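Notes to accompany the following structure.
Letters go in sequence order (proteins before strands), and every chain restarts at 1. All values derive from a computational prediction rather than experimental measurement.
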Number of protein chains: 2
Amino acid sequence: MREILDIQKQLLPDLMDIMKKRYSILQHILASGVVGRRTLASSLDMTERVLRGEVDFLKEQGLLETDVTGMKISESGRQLLEAMEPIIKLAFGLTDLEESIRQAFGMSQVIVVPGDSDTSDFTKKELGRAGAAALRKNVTKDDIIAVTGGSTMAQIANNLAISSRMKGSWFVPARGGLGESVDMQANTIASIMAKKTGGKYRLLHVPDHLGEEAYQTLIQDPQIREVVEAVRSCRIVVHGIGDAMVMARRRKVDSETTRSLQAEGALAEAFGYYFDREGNVVHKMPTVGLRLEDLQLTEVVIGVAGGKSKGEAIVSVLRHGQEDVLVTDEAAALEIMKHV
Amino acid sequence: MREILDIQKQLLPDLMDIMKKRYSILQHILASGVVGRRTLASSLDMTERVLRGEVDFLKEQGLLETDVTGMKISESGRQLLEAMEPIIKLAFGLTDLEESIRQAFGMSQVIVVPGDSDTSDFTKKELGRAGAAALRKNVTKDDIIAVTGGSTMAQIANNLAISSRMKGSWFVPARGGLGESVDMQANTIASIMAKKTGGKYRLLHVPDHLGEEAYQTLIQDPQIREVVEAVRSCRIVVHGIGDAMVMARRRKVDSETTRSLQAEGALAEAFGYYFDREGNVVHKMPTVGLRLEDLQLTEVVIGVAGGKSKGEAIVSVLRHGQEDVLVTDEAAALEIMKHV
DNA sequence: AGTTAATGGACGTTTTGTGTCCCGGGTATG
DNA sequence: CATACCCGGGACACAAAACGTCCATTAACT
């Protein structure tokens, strides 16, 4: 049943909005018994004229009746409403979650896919699909898109498809190598994305754990310099979010730094920065590429992460307040709501 | 799953059309491999511009791709199409049936509800609901609506609701008493319909089996004459369709007439007339009211009947060629298609 | 009897959708 | 290699739908 709605959403994206609108009109009328147009309009926060259009339609369908005293629901309207209740709950449970999170952190968009990426591979794929859709939607033309590594990002890359809109876009890794397996490195992902969409890419071949001296040398190199400048002036960032300790271990951070991370209360990691519960940066991986301050100029920051275990980490990053779009799953979203 | 589609059909009828349109565009593109806009437009019988709008949308959704050689379906488009097939079949299987029947008999509208009225009371109710909706849709203002008797008509009456559009309408029985049980008589049904919709009604109190002399006397009566004239000048007729022999028995037709009906090959009965396989009238019940020739002037003739057992009878009446709208069920519709 | 709040009609304005034509550029065909 | 054809996409005028706004009329309530 959920499947059918998800399929329809692809072919008729505004289906859900209209369905919900009409449903809530009927619901309000049912609750009010008899109610007038203006009263109803203000309680549903619609203009009178729009409501009137919908009411005319619903009347046409025989779902409500009007007389000179006002509108009331018809028998078939009541039955329809009853039959719809489970559907609405299914379809909009996530929408409500999305809206709550969006408001709580003042973001521009939140997308929640059903399921839990920790336990279901299918959900993980869905997360990738939704992430890819979110990216496609935000691309305008000839954008520079900085991406990070990670398995979630790899899923997004998988789900991108050739698109004339992205033909002029540049994909670049947000940061230099961060010591992960090759197929989840930012470099790899940037190139896959470019190939899949028909876009172009530049890579950043720099080793991890750069000393200050080595850094100064590298940054002099015109090739590298050019890419770094592109990265720092990107219009869109797409990044995963990780649990701080998990990421530290995966990147083989030395034990001293690990201890310091623990002492500082690091919870989350995103594009090489570590965040504590309040969203403060407590540590920074030393490598070239996107810096936190560059995000100020970035127009769209898209964070993608799912799974119940990541809920808290996501909250940390959101608290930092740079995210514009979040793509997550149901399990993580519920965790997030526990922490606001 | 069917339920959710039925709900959507009520709440978003035009979105379902759009869904079908987009589905068939994708389907055609899949079948064609690579195809150009103009070619596709003519094969789908759309104007180029509106197809273009849809294509732009589908491209936006990543369901198809265009390059300079034409349009082709994308991977996610192919998957979507596959996933949608059962949904489309479920949602529009009946639509296709409707269209076939409509074309075969040159009618203006055919409505098919799922199920078999012979075996399911629920389907019978649905038939009534659909019949009521069809009537409501065809009423304009201050119409005279002639109705017959029968259990199906009673269901329609049940499903009518108060409606400002029908407030000025007159409900009249199409013909005089035809010896059925009271609650299924045309008189009763006309009055119920009027009460339910807020319309007005006139009744025709004449006995069955009228001799010529009695007929002449009755028709002189100004009251009766007035009603008869109203009936004959009606704008809308709603009638059931019955199996000839079943109706003859129910109406206690004498054995001689029954034999003659059988000899003539009577298959169907509608508003007092009996029809053979080819739609010829083979017998006429002698009573006052609507005559076959009056139907010429009637703008909308709505026939309502369902159940597998009635399929053949419906074909007979349709062959006669006076019907504009048919409301039936899936089982009867399938039978009908066997006979064309 | 007066007041309130209801629907439905009306109308001008804005937005969206549609029909039509054209252009530059690949593709297939000869 | 040349040519005829068909492609997607841009452009634009026009029609249709949606919308905001105001008003007349009328039932219900005080």
Could you check which of C/dC22, C/dG8, C/dT20 has an atom nearest any side-chain atom of B/R38? C/dC22
Crowded around B/K89 NZ? As in, over 12 foreign heavy atoms under 6.0 Å? no
Check step by step if salt bridge (Lys or Arg N to Asp or Glu O under 4.0 Å) holds for A/E54 and A/K21. CA-CA 9 Å; A/E54 296 298 337; A/K21 180 164 66 175; 3.3 Å; yes
Using only atom types and a distance under 3.5 Å, with no angle test, would you say the side chain of B/S76 pairs donor to acceptor with the backbone of B/G62? yes
d(CD, B/E54; C1', D/dG9) in whole Å: 17 Å
With a distance cut-off below 6.0 Å to the six-membered ring centre and an angular limit of 45° from the axis, does A/K20 pair with A/F92 as a cation-pi contact? yes
Side-chain atoms of A/T39 come closest, of C/dT7, D/dG8, C/dA6, to C/dA6
To the nearest Å, give me how far apart CZ (B/R52) and C1' (D/dC12) are. 12 Å
By nearest atom, which of the nucleotides D/dG9, C/dA6, D/dA27 is closest to the A/V68 side chain? D/dA27
Take atom CD of B/E60 and atom C1' of D/dG8, then tell me their distance rounded to the nearest Å. 16 Å
Is it the case that A/R202 places NZ or CZ above or below the six-membered ring of A/F171, under 6.0 angstrom from the centre and within 45 degrees of the axis? no
Establish, with yes or no, whether the OP1 or OP2 oxygen of C/dA6 is under 4.0 angstrom from a side-chain nitrogen or oxygen of A/T66. no
Within the pair B/K59 and D/dG8, is there a side-chain N or O less than 4.0 Å away from OP1 or OP2? no
Output the rounded distance in Å from CD1 (B/I18) to C1' (C/dT16). 13 Å
Mark yes or no for whether A/N159, through its side chain, and A/Q155, through its backbone, hold a donor-acceptor pair below 3.5 Å. yes
Pairing donors with acceptors under 3.5 angstrom, does anything connect the side chains of B/Q8 and A/Q8? yes
Can you check the B/M71 CE to D/dG9 C1' distance for me, whole Å? 12 Å
C/dA5 C1' sits how many Å from A/L51 CG, rounded? 15 Å
Just to be sure I understand the rule, does B/V55 reach a base, reach only the sugar-phosphate, or reach nothing, if contact means heavy atoms closer than 4.0 Å? nothing
Does B/D67 reach a base, just sugar-phosphate, or nothing at all? Heavy atoms under 4.0 Å. sugar-phosphate
Nearest whole Å is fine: how far is C/dA5 C1' from A/L40 CG? 14 Å
Are there any protein N/O atoms within less than 3.5 Å of an N/O atom in nucleotides 15-20 of chain D, and if so, which ones and at what distance?
residue, atom, partner, partner atom, Å
D/dG20, OP2, A/T47, OG1, 2.5
D/dG20, O6, A/R49, NE, 3.2

Calculate the interatomic distance between B/R37 atom CZ and C/dT18 atom P; express it in whole Å. 14 Å
